[in-house]
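Chain identifiers are assigned alphabetically (A, B, ...) following the order of the sequence lines, protein sequences preceding nucleic acid strands; residue numbering begins at 1 within each chain. Being a predicted model, the structure only gives us computed values, none of them experimental.
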There are 2 protein chains.
Amino acid sequence: MFNKKLENLKNYEAGKPIELVVREYGIDAKDVIKLASNENPFGTSVLVEQALKNASNKAHLYPDDSYFELKEALAAKFNVTPKNLIIGQGSDQIIEFIAHAVLNETNAILTAGVTFAMYDIYAKHAGASVIKTPSASHNLSQMLELYKANKDKIAAIFLCLPNNPLGECLDASEVYDFMREISPKTLIVIDGAYNDFAKFKDAKKAIDPSDLIRNFKNAIFLATFSKSYGLGGMRVGYGIADESIINELGKLRPPFNITTLSLKAATIALSDAEFVDKTLKNNFEQMTRYENFAKDHGIEFLPSYTNFIVFKFDTQNSSQISQELLKKGIIVRDMQGYGLNAIRITIGTATQNDKLFEKLDEILK
Amino acid sequence: MFNKKLENLKNYEAGKPIELVVREYGIDAKDVIKLASNENPFGTSVLVEQALKNASNKAHLYPDDSYFELKEALAAKFNVTPKNLIIGQGSDQIIEFIAHAVLNETNAILTAGVTFAMYDIYAKHAGASVIKTPSASHNLSQMLELYKANKDKIAAIFLCLPNNPLGECLDASEVYDFMREISPKTLIVIDGAYNDFAKFKDAKKAIDPSDLIRNFKNAIFLATFSKSYGLGGMRVGYGIADESIINELGKLRPPFNITTLSLKAATIALSDAEFVDKTLKNNFEQMTRYENFAKDHGIEFLPSYTNFIVFKFDTQNSSQISQELLKKGIIVRDMQGYGLNAIRITIGTATQNDKLFEKLDEILK
């Protein structure tokens with residue numbers, strides 16, 4: 001009954017939810033610290049919370065499916081037009097549209113060796129194959145070599161800038177140099193889910209979507225409200241590209257693909273620059289503490305341009321460490337699934353990080 | 001750059017949102033009556049509203065992607081197990097999973113002549129073709145004839161019970177008789193988005209999902225929180241089927257496909273039987289008024305088992321009538337897009353319906 005391609009599919013392994021720790025370890029929800037899914041440690045912005053309360057009697061109404069107001073606000077922010085924008089149920093869904101728009105059983109995507117798992121998953125949904133660089137992190141010369149060797153096969157290239165789950169980021173100028181080598185018939189996806197974090201740390205990492213799409217008609221920039229804006233649970237992302245790309249992806253967008261409350265939340269969140277600034281500032285202040293903790297404990301870490309950091313272990317086993325942390329009420333992401341003996345930790349608030357340091361220190365002793 | 005199948009795709013035409021009427025006609029939002037998208041006229045249940053307020057500071061947290069609590073509650077309600085359940089971003093998304101799981105460029109779906117537009121749209125996403133009965137409404141003997149003539153090609157049959165946008169419904173016993181004629185390798189989709197309305201009007205129309213999936217391993221029952229539960233804007237639907245089907249569809253489910261607030265809303269809504277009962281009772285009381293209005297004005301109507309009614313026009317043009325109503329602040333759905341000179345009106349509250357009758361009467365004079 002089922003299409004053959006389903007045989008090769010596996011599901012994305014989501015970070016463990018707080019509810020599961022409560023159910024399985026009997027720990028009170030308020031004592032659980034989740035540093036596993038790169039959620040905003042400051043929670044929901046007060047402006048968004050109020051907007052959601054105000055909209056709580058509108059749950060029966062479908063959203064304005066044109067997303068008029070949100071697109072106007074995003075267009076103004078990024079100096080593009082609403083016609084350059086597509087809204088997704090998280091930026092994940094834009095990846096899904098891309099997969100079904102350009103991929104099929106005869107072609108392939110090109111990605112870094114270890115990068116966001118959904119590129120791979122959606123490519124397989126469309127029956128396409130996945131070509132990865134030998135290098136785990138983004139290596140543009142390896143990418144270019146693979147691209148040239150498989151030019152007829154590669155329909156899309158995914159660059160995750162900065163890279164989830166490793167944290168590294170390329171300079172925008174390097175990226176543009178690379179893109180000039182690519183055929184205009186190959187779609188280049190710049191996944192900027194964490195790009196505002198990278199930009200805050202180092203202006204050279206910033207990709208300006210308006211510049212990008214003016215110079216590259218075959219590029220799409222992806223972004224999300226899930227991280228710095230603190231709306232992970234509301235599932236809103238967007239793509240910015242030349243109108244010719246947006247029109248084709250738009251044909252695959254289901255009606256009402258974000259909720260009425262998500263639409264309100266995203267529109268308000270966009271106006272709350274203060275919340276985003278506080279988030280970014282806290283993130284890199286606290287990141288330094290993680291780097292120092294790693295140095296003090298002889299743990300190898302990957303310098304990060306995101307809101308998480310990867311700790312690589314040598315003799316100790318990362319699955320065991322994650323499990324021990326879980327029992328103590330702290331959720332982090334084990335990276336054995338990515339072939340790495342490492343854990344990925346979301347940067348929390350100072351208090352959450354204190355607790356993580358305390359518990360991890362106990363475990364490593 | 002793009003797959004050839006995109007050339008044949010067109011978007012679902014959503015009901016016009018209130019925001020658009022405000023923007024285009026300068027009518028105050030509070031004076032606009034939307035009877036176009038089969039939303040619940042009683043709005044959001046008070047229990048749901050409170051639950052959404054309580055969860056409004058949880059927008060940053062991804063939902064428990066196992067949907068543990070919601071699945072437990074649905075399983076108990078329908079006398080199935082959580083393994084028989086899949087949750088979708090509206091039942092629409094389950095249709096999308098089905099399309100990508102069983103359809104491809106070599107096969108087809110079978111549907112009624114005029115039925116829910118998303119079957120057609122998602123089939124085309126997968127490159128499949130669509131076979132429709134000559135009859136606009138569900139006609140099982142025509143369906144069986146087409147099925148037998150195209151047995152090798154038809155991978156899935158969609159029955160919309162009751163049918164959106166026409167309103168008719170088959171008896172469950174007729175449906176089961178039909179299903180016994182179908183190969184166990186053909187997936188049969190019973191779209192029960194409005195089945196609770198039909199069941200309320202006539203018990204013979206009720207499809208019991210537990211019976212259905214026990215007797216037919218090739219069937220899936222779809223349902224939604226968008227209508228009687230009043231959660232159209234929250235986008236939550238579900239599918240009930242044998243575990244073998246759920247497992248395959250589950251491979252295509254993106255992580256976090258409903259929002260954190262949607263999950264809360266749906267779980268609470270399920271416990272608010274009183275709200276649903278009130279909705280169903282009001283619906284058919286008010287439906288009688290629509291039937292009487294039609295008779296009084298010599299308008300042909302289709303007897304409806306849903307929360308909407310179709311008025312067919314003879315000499316007058318339905319697009320013009322919809323447009324006139326729009327200018328008066330009432331949104332209904334013109335059906336010219338379905339090839340019918342008709343409008344579909346959602347049954348509102350008594351007050352909303354009074355207004356519709358008043359304005360439509362003015363227009364028809």
Highest number of heavy-atom pairs under 4.5 Å with chain B among A:Lys5, A:Gln89, A:Glu19, A:Lys185 belongs to A:Gln89

Is a side-chain N or O of A:Thr44 found less than 3.5 angstrom from the main chain of B:Ala59, in a donor-acceptor match? yes

- Charged tip of B:Arg23 within 45° of A:Phe68 ring normal and under 6.0 Å: yes

Bottom line for A:Glu248: the part with an atom under 4.5 Å from chain B's heavy atoms is both

Open item on the list: Less than 4.5 Å apart, side chain to side chain, heavy atoms only: is that true for A:Pro255 and B:Met118?
Closed with: yes

Answer key: most heavy-atom pairs under 4.5 Å with chain A among B:Thr260, B:Thr259, B:Asn107 is B:Thr259

Practice problem: Find out whether B:Pro254 and A:Glu96 are in side-chain contact, i.e. whether some heavy atom of one side chain is under 4.5 Å from a heavy atom of the other. | Solution: yes

For A:Pro63 and B:Gly233 the tightest heavy-atom approach is CD-CA, 4.4 Å

Within 6.0 angstrom of B:Glu69 CD, more than 12 heavy atoms from elsewhere:
no

For A:Tyr62 and B:Ser226 the tightest heavy-atom approach is OH-CB, 3.4 Å

* Counting N and O atoms only, with roles assigned by atom type, does the side chain of A:Arg235 sit under 3.5 Å from a partner on the main chain of B:Asn257, one being a donor and the other an acceptor? -> no

If one checks every heavy atom of A:Asp92 against chain B at 4.5 Å, the contacting part turns out to be side chain

Distance col, row A:Leu261:CG vs B:Ser262:OG, nearest 0.5 angstrom, shows 8.0 Å

Of the listed B:Leu103, B:Leu263, B:Asn218, the one with the largest count of heavy-atom pairs under 4.5 Å with chain A is B:Leu103

### Under 3.5 Å donor-acceptor, B:Asn3 side chain and A:Ala101 backbone
yes

So OG of A:Ser37 and CG of B:Asp65: to nearest 0.5 Å the spacing works out to 9.5 Å

query: Can you list the steps and then say if A:His60 with B:Phe42 is a side-chain contact (heavy atoms from CB on, under 4.5 Å)?
result: CA-CA 9 Å; A:His60 61 297; B:Phe42 293 111; over 6 Å; no

So, the part of A:Glu7 with a heavy atom under 4.5 Å from chain B: the answer is backbone

Among residues 46-55 of chain A, residues within the sub-4.5 Å heavy-atom range of chain B, in order of number, are A:Glu49, A:Leu52, A:Lys53

When the 4.5 angstrom heavy-atom criterion is applied to A:Pro41 and chain B, the contacting part is neither

Whatever's closer than 4.5 Å to a heavy atom in chain B on A:Ile245 counts as both

CZ (A:Phe2) and CG (B:Asn104) are apart, to the nearest 0.5 Å, by 13.0 Å

Between the CD atom in A:Glu105 and the CD atom in B:Glu105, the distance rounded to the nearest 0.5 Å is 8.5 Å

Honestly, the part of A:Tyr122 sitting under 4.5 Å from a heavy atom of chain B is side chain

Applying a strict 4.5 Å limit to non-hydrogen atoms, the region of A:Thr186 in contact with chain B is backbone

Other residues, nucleotides and ligands only: do more than 12 of their heavy atoms fall within 6.0 Å of NZ on A:Lys264? no

Ranking B:Leu231, B:Leu6, B:Asn40 by heavy-atom pairs under 4.5 Å to chain A gives rank one to B:Leu6

When the 4.5 angstrom heavy-atom criterion is applied to B:Lys227 and chain A, the contacting part is side chain

Distance col, row B:Met234:CE vs A:Phe256:CZ, nearest 0.5 angstrom, shows 14.5 Å

Original post:
Any donor-acceptor pair under 3.5 Å linking the side chain of B:Lys251 with the backbone of A:Leu9?
Top reply: no

